Q: 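Quick one: this structure, given as structure tokens, is what I'll be asking you about.
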Amino acid sequence: MRAGAVGLVSLLALGAGLGACAASTAGPETTTPMPVPLSAIIPAPVAAHPDPAADFTLDRSSVITVSGGAADPTAQWLATLLRRGTGFPLPIVSSARQGERVIALVAGPADPSIGDEGYMLSVTPSEVVIRASSGAGLFHGAETLRQLLPARIEDPGSPGPWVVSGGQILDYPRYPWRGAMLDVARHFFSVADVERYIDEIALYKINVLHLHLSDDQGWRIAISAWPQLATIGGSTEVGGGLGGYYTGEQYQEIVAYAASRYITVVPEIDTPGHVNAALASYPELNCDGIAPAPYTGTDVGFSSLCVGKPITTQFLDDVIGELAALTPGAYIDIGGDEATTIPAPDYASFVEQVTQIVVKQGKTPVGWAEIGAATLPPGTVVEGWDTGHDASVQEAAAQGARVVLAPADHAYLDQKYDPETALGLTWAGPVSVEASYAWDPAQYGVPAGQVEGVEATLFSETLTTMSDLEFMAFPRLPGIAEIGWSPPSSHSWDAYRERLAAQAPRWEALGIGFYRSPEIPWPAG
Ligand code: TNX
């Protein structure tokens with residue numbers, strides 16, 4: 001699914017100001033702030049055509065109309081957000097009465113260039129129309145409208161006026177996979193925390209939540225045939241805290257919450273390495289039949305499943321089978337990184353076995369770059385991490401795998417911003433805000449048609465609370481989201497840092513404790 005640029009030429013020509021800076025205040029004769037320019041949103045839109053004579057003002061008598069069933073969930077979501085912020089009733093109706101100002105969500109035929117995730121947004125004095133061919137497109141359009149409203153829309157019962165800049169946006173993603181990986185294994189995060197993170201990444205049109213559900217320090221998903229994985233494997237975390245795990249129902253709640261934001265959960269069970277929590281839970285999974293002690297440190301690369309032992313196959317069948325049954329999305333991630341304790345041929349045969357188990361369950365395998373050393377089923381998605389230029393990414397690409405790029409020196413949100421950052425690791429960093437934005441997935445030697453997208457990873461060895469996650473993700477995550485969504489022609493650090501600065505009041509209103517990096521010209525306040 002790659003959307004073309006058909007029909008965009010005139011809009012692009014008129015869309016001067018793309019990447020322009022954020023709202024400024026009007027002249028001294030008035031205190032009414034200028035509305036957010038159409039081109040100020042993150043990710044930058046494909047094309048924006050401002051019409052200063054066509055601003056729209058949301059008022060107490062405004063209504064939301066829906067047309068096409070796919071519009072209903074987004075209408076509900078948008079109504080909740082706007083009612084809370086404005087205090088207006090904003091009923092959802094099938095058609096507006098004469099003179100009512102309207103936000104119209106229209107699911108149906110749209111410009112073919114927008115593909116299945118794009119949207120068109122048109123703002124005139126009487127209506128805001130968001131049109132898309134899918135629910136996902138409408139949702140992305142609604143997130144755009146949210147950014148076009150003043151940041152105080154995030155605060156309950158705020159005063160107006162609620163002015164949206166006039167004009168048109170036509171917008172669609174560069175890549176189909178715009179991911180955020182969250183490590184709930186090194187430290188456990190509650191369902192509420194994960195749902196909050198889902199809302200935060202949805203703001204920037206991320207559409208994949210890769211959940212790192214198991215590692216040496218913790219196993220975080222209950223598996224009915226292997227209950228001790230959760231009760232023993234889930235009972236620890238880095239630093240010796242209590243850990244935790246999701247029941248199947250809780251995991252499904254996360255998956256459903258993500259789906260309501262058009263985000264697909266990709267669950268990862270890391271194998272054959274990164275398995276101390278599983279080995280500690282069941283002695284029989286170990287080659288010598290002896291369970292190791294739970295692990296609460298931060299080393300990597302010391303544990304492995306016992307390749308070739310029949311019970312290992314049983315374990316994989318049961319775990320992947322149950323996870324597949326709980327997961328409506330197309331993907332199961334089998335990890336595959338840093339398996340340094342087993343010989344290369346054993347590693348390759350293991351990866352071939354485990355990816356076939358995923359295929360047998362009707363899912364598409366995903367794994368870290370190292371799995372490129374094995375023969376992979378068609379369609380496999382490989383995630384390039386390290387620097388992204390490593391040989392295994394090329395090996396995977398050469399066999400036709402689709403590649404998601406998460407180069408650690410740009411996309412690892414667990415790395416310190418600078419040497420002074422209190423949280424975070426250092427092995428690939430520091431990763432400044434500028435570094436997180438200064439890369440292009442097209443420059444990693446992977447054939448263009450095989451670059452599936454990007455991912456911002458958040459490993460949690462040093463992160464214990466939701467505020468820690470937010471401090472590391474913001475302000476870097478929006479840059480990676482923009483690299484995954486926006487056309488390369490809009491890429492400009494100077495313009496981007498102005499747009500990023502303008503996000504700060506919204507994060508403050510949402511209670512997101514972001515890092516006030518000195519690289520960004522934050523507004524005073
Ligand atoms: C490398 S990224 C790892 C993880 C660590 C991470 C810390 C990858 C595939 N493996 O096990 O948590 O570095 O940055």
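Indexing begins at 1, ligand by ligand and atom by atom, following the structure's order. What you see is a predicted model; the values in this text were computed from it and never measured.
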Q: For Tyr257, does the six-membered ring have the charged nitrogen or CZ of Arg261 within the cation-pi criterion, i.e. under 6.0 angstrom from the centroid and within 45° of the normal?
A: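 Arg261 over Tyr257 ring: yes.
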
Q: Please determine whether any non-hydrogen atom of His274 lies less than 4.0 Å from an atom of ligand 1.
A: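 Yes, His274 has heavy atoms under 4.0 Å from ligand 1.
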
Q: Do Glu470 and Arg196 sit within salt-bridge range, that is, some charged N less than 4.0 Å from a carboxylate O?
A: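 Counted as a salt bridge, because a side-chain N and a carboxylate O are separated by less than 4.0 Å.
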
Q: In ligand 1, which numbered atoms sit nearer than 4.0 Å to a non-hydrogen atom of Tyr412?
A: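 Those of ligand 1 that fall under 4.0 Å from Tyr412 are 2 (S), 8 (C), 14 (O).
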
Q: Glu338 to ligand 1: N or O pair under 3.5 Å?
A: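 Between Glu338 and ligand 1 (N or O atoms, distance only) the closest approach is under 3.5 Å.
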
Q: Between Asp215 and Arg220, is the closest basic N to carboxylate O distance under 4.0 Å?
A: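 Result for this pair is no, no salt bridge flagged.
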
Q: For Trp368, is at least one N or O under 3.5 Å away from an N or O on ligand 1?
A: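 Checking ligand 1 against Trp368, no N or O pair falls under 3.5 Å apart.
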
Q: Quick test: of every protein heavy atom, which one is nearest to atom 6 (C) of ligand 1, and how far off is it to 0.1 Å?
A: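 Answer for atom 6 (C) of ligand 1: Phe459 CD1, 3.7 Å.
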
Q: Please list, in number order, the atoms of ligand 1 under 4.0 Å from a heavy atom of Leu425.
A: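 Listed by number with element, the hits are 7 (C), 14 (O).
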
Q: Just which atoms of ligand 1 are under 4.0 Å from any heavy atom in Arg186?
A: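 In order of number, 4 (C), 5 (C), 11 (O), 12 (O).
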
Q: Going by distance only, is there an N or O of Asp215 that falls short of 3.5 Å from an N or O of ligand 1?
A: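 Not met; the criterion fails.
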
Q: Tell me the protein heavy atom at minimum distance from atom 9 (C) of ligand 1, and give that distance in Å.
A: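 Atom 9 (C) of ligand 1 sits closest to the protein heavy atom Asp337 OD2, 3.1 Å.
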
Q: For Phe188 and Tyr246, I'd like to know if the aromatic rings sit close, meaning centre-to-centre distance below 6.0 Å.
A: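 Yes - the distance between ring centres of Phe188 and Tyr246 falls below the 6.0 Å cut-off.
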
Q: Report the nearest protein non-hydrogen atom to atom 12 (O) of ligand 1: residue, atom name, distance rounded to 0.1 Å.
A: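 Looking at atom 12 (O) of ligand 1, the protein heavy atom closest to it is Glu461 OE2, 2.6 Å.
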
Q: Using the ring of each side chain (for Trp, its six-membered ring), is Tyr119 parallel, tilted or perpendicular to Trp485, with breaks at 30° and 60°?
A: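 Geometry flag for Trp485 against Tyr119: tilted rings.
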
Q: Do the side chains of Arg476 and Glu519 get close enough for a salt bridge, i.e. N-O under 4.0 angstrom?
A: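 Result for this pair is no, no salt bridge flagged.
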
Q: So does Arg499 pair up with Glu482, basic N to acidic O under 4.0 Å?
A: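 Judged by the 4.0 Å cut-off on N to carboxylate O distance, Arg499 and Glu482 do form a salt bridge.
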
Q: Consider only side-chain N and O atoms of Tyr515 and Asp418, and report whether a donor and an acceptor are under 3.5 Å apart.
A: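 Indeed, the side chains of Tyr515 and Asp418 share at least one donor-acceptor pair under 3.5 Å.
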
Q: When only distance counts, is Asp414 in polar contact with ligand 1, meaning an N/O pair under 3.5 Å?
A: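 Between Asp414 and ligand 1, an N or O pair is found under 3.5 Å apart.
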
Q: Going by the atom numbers of ligand 1, which of them fall below 4.0 Å from some non-hydrogen atom of Gln415?
A: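 In order of number, 14 (O).
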
